[in-house]
Amino acid sequence: MATFKPKFLKPDTDDAIEDNRTSEQQDSAFVFNANHNLGLIEQRERLPIRKYKDQILYCLENYQVVILVGETGSGKSTQVPQYLYEYGWHTKGFIGITEPRRVSTITLANRVAQERGELVGDTVGYVVRFQERITPETKIKFMTEGILLRELLADPLLTQYGVIIVDEAHERNMLTDMVLGLLKKILRKRSNLKIIISSATIDASFFSEFFSWPGSGEVSVKLSIEGRMHAVTNFYLNEPCADYVKETVETVWKLHQKEPPGDILAFLTGQDEVLEALDLLREYVRSSEVENLKVLPMYGSMSSTDQLAVFFTPPKGVRKVVLATNIAETSITIPGIVYVIDCGFVKVKWYNPRTCSDSLVVVPVSKASAVQRAGRAGRVRPGKVYHLYTKADYDSLVPRQPPEMRRSEMSGAVLQLKALGIGNILRFDFPSPPPAQNLLSALETLFALDGIDEQGNLTKPVGYLLAELPFGAMLSKMLYVSGKMGCSEEIITIIAMLQVQSVFSRPVSAVAQQSGRIAHRNFEVAEGDFITLLNIYTAFVEEGRTKEFCGQYYLIYRNLKRAYELREQLITLASKKYGIPIFSCNGDVKTICKCITAGFFTQVAYLHHSGVYRQISSGTELAIHPESTLYTLPQAQYVVYGELLQTTKLFMNHVTVIQREWLTELAPHYYQQTTVRE
DNA sequence: GCCCCCTTC
């Protein structure tokens with residue numbers, strides 16, 4: 001490969017595009033490509049980013065941080081790594097690209113390898129959990145954000161890298177912000193490390209301010225690249241609507257009567273709303289004997305088979321309508337969409353440090369989200385977007401939701417930072433600092449788990465183990481104790497099952513939902529949800545890990561398969577790296593429940609004489625979540641819970657029945673006899 | 001009587 005030597009051009013700052021349309025979302029195998037008939041080289045030359053190539057290289061040569069603002073279809077995720085390679089940046093270490101999701105990581109690496117006429121794993125490779133395609137030849141390395149954070153533990157200055165591109169930084173996920181905060185620290189120690197932040201328009205100034213500090217001179221420069229999306233026309237209601245589910249249904253119906261062919265995507269906030277709208281629309285279709293409208297649901301806990309339906313092109317003359325949750329905003333791209341309906345709301349999680357619980361609340365979307373949703377309409381041809389709220393309401397929307405870092409439980413982040421030698425977490429330079437209460441709550445939890453001492457330093461061996469193990473602190477503690485209790489095989493299974501997304505399928509039809517519930521009863525036990533998960537896993541393996549088994553029992557194959565892979569990985573990790581002996585307790589359920597208690601003893605509820613559970617630490621009333629095994633069983637006196645979620649009530653989920661004495665036996669530092677209520 | 005979406009040796 002001949003090294004390309006460009007003639008440098010100074011960036012033309014007047015070229016910046018003032019447009020708040022969506023950013024690039026090449027994060028699915030189903031990205032639409034208008035030029036799919038052109039040769040790959042010709043396609044590359046046609047991308048809007050091509051004419052910025054020299055400017056990008058110029059900026060990287062002269063600045064330590066480059067903020068790259070690029071719209072959808074600009075080609076930045078696939079082209080920039082290649083430009084850097086062609087100019088020879090790979091001689092200074094890996095060209096690393098972080099992505100927020102596994103699917104986009106793999107898809108992008110494949111695409112770039114294909115453009116270069118190579119197989120993935122040669123010059124271009126990727127690393128995500130469980131899958132890596134890296135060889136000694138690899139120079140361009142796509143990876144998930146989590147992988148880079150793990151690598152940091154072993155190589156705190158990332159000395160293997162010459163350039164790191166943080167893609168989709170505007171999403172501001174928890175891990176994105178961790179990466180950004182740590183990269184800023186590294187930049188000050190490594191003047192030869194270059195960073196490219198790929199972001200949406202509205203956040204560019206935020207990033208450039210974050211990456212400049214007193215005495216730094218000019219570290220960052222902004223470059224804006226137009227995309228090649230089609231125009232999108234926005235419509236708003238004249239009057240606010242009372243019920244956006246009904247309004248969605250009516251809008252779809254009117255649209256179908258009036259508008260030329262083109263598929264419809266409607267955003268709702270949750271599974272229940274999607275199913276409600278689905279019922280209503282199918283009723284319209286049935287009663288008016290319409291045959292050219294195909295209505296499909298899309299949400300995260302559907303089986304893969306059901307999800308696949310939305311990717312098929314409908315027969316000629318038939319219009320497809322997809323009713324989706326936020327999964328369609330960034331995680332999947334549905335082809336053929338011309339019309340978008342935005343209900344104007346979204347479900348978000350907020351951490352509440354007082355009760356150590358998450359609240360799941362429906363709130364108005366942010367402008368950024370509304371724009372992102374609207375952008376889903378302009379991929380094929382000029383599109384139309386129907387916002388189910390007034391223009392005045394749109395104008396009053398917040399620019400964006402607070403980043404996840406400000407709304408989340410922090411113990412994992414605190415452990416990671418401590419392991420990197422950052423002692424005073426309160427003074428760490430977060431892109432958006434989390435509330436101090438959230439940090440204090442995490443410190444208290446970690447202290448209770450014996451992960452940090454009174455000075456806030458990691459303990460040995462427990463604290464270092466909690467920091468290094470790739471899952472939550474309580475699960476890690478449970479694993480540590482299981483080595484001593486002789487039930488590590490079972491505990492690792494439970495951990496693996498909890499790490500993956502829910503294995504319970506939530507089917508679309510009411511009849512199937514009922515059958516699913518009955519099928520799941522086969523695995524239920526009185527001890528609670530963790531043991532139930534253990535049963536499901538055991539049955540899955542005994543039945544040969546087949547899709548048929550999962551179909552029969554309404555379980556999600558892809559998640560069980562990942563649990564299996566994860567378990568294999570954890571067995572090796574626990575025994576080889578951390579010297580945790582791998583033993584089975586051979587069906588001794590009491591030992592397993594005690595071990596669970598050893599990890600989750602800070603999350604206990606007792607049955608108050610009023611017949612309602614109360615949180616032992618605060619007295620707050622708690623309810624068992626209807627999805628828990630224990631929902632329909634007689635109430636036990638004491639339970640530990642894995643999670644607490646505020647929706648219509650404060651619900652405990654992943655509940656395990658325990659005995660009171662275990663608390664003082666396993667956590668005497670935390671429970672004196674007096675604090676345990678009768 | 002019910003949970004948006006991601007991710008980690």
Side-chain angles (χ1 to χ4, degrees), chain A residues 27 98-105 127-132 143-154 168 171-179 267-275 298-301 324-332 343 345-350 357-363 365 369 372 401 404 407-408 412-413 415-416 419 465-473 475-476 495-496 499-502 504 506 513 516-517 562 565-566 568-578 623-628 631-632 643-649 651-654:
Chain A
D27 46 13
T98 69
E99 293 291 327
R101 285 167 290 280
R102 293 162 51 89
V103 176
S104 52
T105 310
V127 189
V128 300
R129 192 173 207 181
F130 307 127
Q131 274 184 69
E132 69 169 61
M143 71 204 112
T144 47
E145 291 161 343
I147 294 284
L148 189 75
L149 284 169
R150 288 285 130 191
E151 288 187 4
L152 265 163
L153 286 177
E168 314 284 12
E171 285 188 17
R172 302 293 305 280
N173 301 320
M174 187 84 171
L175 297 185
T176 319
D177 276 17
M178 288 287 285
V179 166
F267 287 97
L268 293 162
T269 75
Q271 181 198 327
D272 53 340
E273 289 174 5
V274 167
L275 293 179
M298 181 77 204
Y299 48 84
S301 57
T325 62
N326 244 14
I327 194 171
E329 199 178 289
T330 53
S331 299
I332 61 150
C343 77
F345 289 88
V346 64
K347 244 177 216 176
V348 289
K349 239 182 192 183
W350 285 87
S357 64
D358 284 315
S359 295
L360 201 55
V361 284
V362 175
V363 298
V365 285
S369 222
Q372 173 73 16
Q401 291 302 337
E404 211 178 17
R407 311 183 265 116
S408 301
L415 281 169
Q416 172 106 33
L465 192 70
L466 301 194
E468 285 206 28
L469 288 171
F471 33 77
L475 295 176
S476 304
I495 291 174
Q499 284 305 106
V500 300
Q501 288 176 301
S502 175
F504 297 107
R506 296 184 207 180
Q513 280 173 35
R517 187 79 205 177
R562 274 190 72 181
E565 294 167 348
L566 182 56
E568 297 292 294
Q569 185 193 44
L570 290 181
I571 293 275
T572 317
L573 185 71
S575 61
K576 299 250 168 69
K577 192 161 178 194
Y578 300 107
I624 291 186
H625 193 280
E627 218 159 66
S628 168
Y631 183 74
T632 47
E643 59 180 41
L644 207 51
L645 191 69
Q646 172 88 46
T647 52
T648 51
K649 281 183 185 172
F651 286 114
M652 299 181 272
N653 205 349
H654 293 152

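Letters go in sequence order (proteins before strands), and every chain restarts at 1.
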Spacing of A/Gln646 atom CD relative to B/dC2 atom P, expressed in whole Å: 12 Å
When the distance from CD of A/Glu565 to P of B/dT8 is rounded to whole Å, what number comes out? 12 Å
Side chain of A/Thr325 - closest among B/dC9, B/dT8, B/dC4: B/dC4
Taking atom types as modelled and ignoring hydrogens, do the side chains of A/Glu329 and A/Ser369 form a donor-acceptor contact shorter than 3.5 angstrom? yes
Walk me through whether A/Glu273 and A/Thr269 qualify under side chain to side chain donor-acceptor pair (under 3.5 Å). CA-CA 7 Å; A/Glu273 289 174 5; A/Thr269 75; 3.0 Å; yes
Using 0.5 Å steps for rounding, measure from the CE atom of A/Met143 to the CD atom of A/Glu151. 6.0 Å
If you look at every strand shown and take non-hydrogen atoms under 4.0 Å, does A/Leu153 touch a base, only sugar-phosphate, or nothing? nothing
How close or far is atom C1' of B/dC4 from atom CZ of A/Arg172, stated in whole angstroms? 19 Å
Distance only, no hydrogens: is a donor on one side chain within 3.5 Å (strictly under) of an acceptor on the other, for A/Thr176 and A/Glu145? yes
Measure from NZ on A/Lys349 to C1' on B/dC3 and round the result to the nearest Å. 8 Å
Name the residue closer to the 5' end of DNA chain B, choosing between A/Glu132 and A/Thr648 according to the nucleotide with the nearest heavy atom. A/Thr648
Does a side-chain N or O of A/Thr269 approach OP1 or OP2 of B/dC4 to a distance below 4.0 Å, or not? no
side-chain N/O A/Thr647 vs B/dC2 OP1/OP2, d < 4.0 Å: no
Go through B/dG1, B/dT7, B/dC9 for me and flag the one nearest to the A/Pro470 side chain. B/dC9
When all nucleic acid strands are considered with a 4.0 Å heavy-atom cut-off, which category describes A/Asn653: base, sugar-phosphate, or nothing? base
How many angstroms lie between atom CG of A/Asn326 and atom CD1 of A/Ile332, to the nearest 0.5 angstrom? 11.0 Å
Of the candidates B/dT8, B/dC6, B/dC3, the side chain of A/Phe471 sits closest to B/dT8
Please state how far atom CD1 in A/Ile332 lies from atom C1' in B/dC6, giving the value in whole angstrom units. 14 Å
May I have the distance from A/Arg562 (atom CZ) to B/dT8 (atom P), rounded to whole angstrom? 6 Å
Under 4.0 Å: is that the gap between some side-chain N or O of A/His625 and OP1 or OP2 of B/dC3? yes
Taking the side chain of A/Asp272 as its heavy atoms from C-beta onward, which of B/dC4, B/dT8, B/dC2 lies nearest to it? B/dC4
Just the rounded figure in Å: distance from P of B/dC3 to CG of A/Leu275. 14 Å
Taking only side-chain nitrogens and oxygens of A/Gln501, does any of them come within less than 4.0 Å of OP1 or OP2 of B/dC6? yes
Of A/Gly270 and A/Glu145, the one whose closest DNA chain B nucleotide lies more 5': A/Gly270
With heavy atoms under 4.0 Å as the rule, sort A/Gln416 into base, sugar-phosphate or nothing. nothing
Phosphate OP1/OP2 of B/dC3: any A/Ser502 side-chain N/O under 4.0 Å: no
For B/dT8 and A/Arg102 - does any side-chain N or O of the residue sit under 4.0 Å from the phosphate oxygens OP1/OP2? yes
Starting at CD1 of A/Ile624 and ending at C1' of B/dC3, how long is that distance when rounded to a whole Å? 17 Å
Using a heavy-atom cut-off of under 4.0 Å over every strand shown, decide if A/Leu149 touches base, sugar-phosphate, or nothing. nothing
Determine: side-chain N/O of A/Arg129 to OP1/OP2 of B/dC9, distance under 4.0 Å, yes or no. yes
Does A/Glu643 contact B/dC3 through a side-chain donor or acceptor facing the base, at a distance under 3.5 Å? yes
Checking all strands, does A/Gln499 fall into the base, sugar-phosphate, or nothing category for heavy-atom contacts under 4.0 angstrom? base
Would you find a donor on one side and an acceptor on the other, under 3.5 Å apart, between the side chain of A/Arg129 and the backbone of A/Ile147? no
On the nucleotide B/dC3, are OP1 or OP2 found under 4.0 Å from the side-chain N or O atoms that A/Ser301 carries? no
Going by distance alone, is a donor N or O of one side chain under 3.5 Å from an acceptor N or O of the other, for A/Arg407 and A/Gln401? no
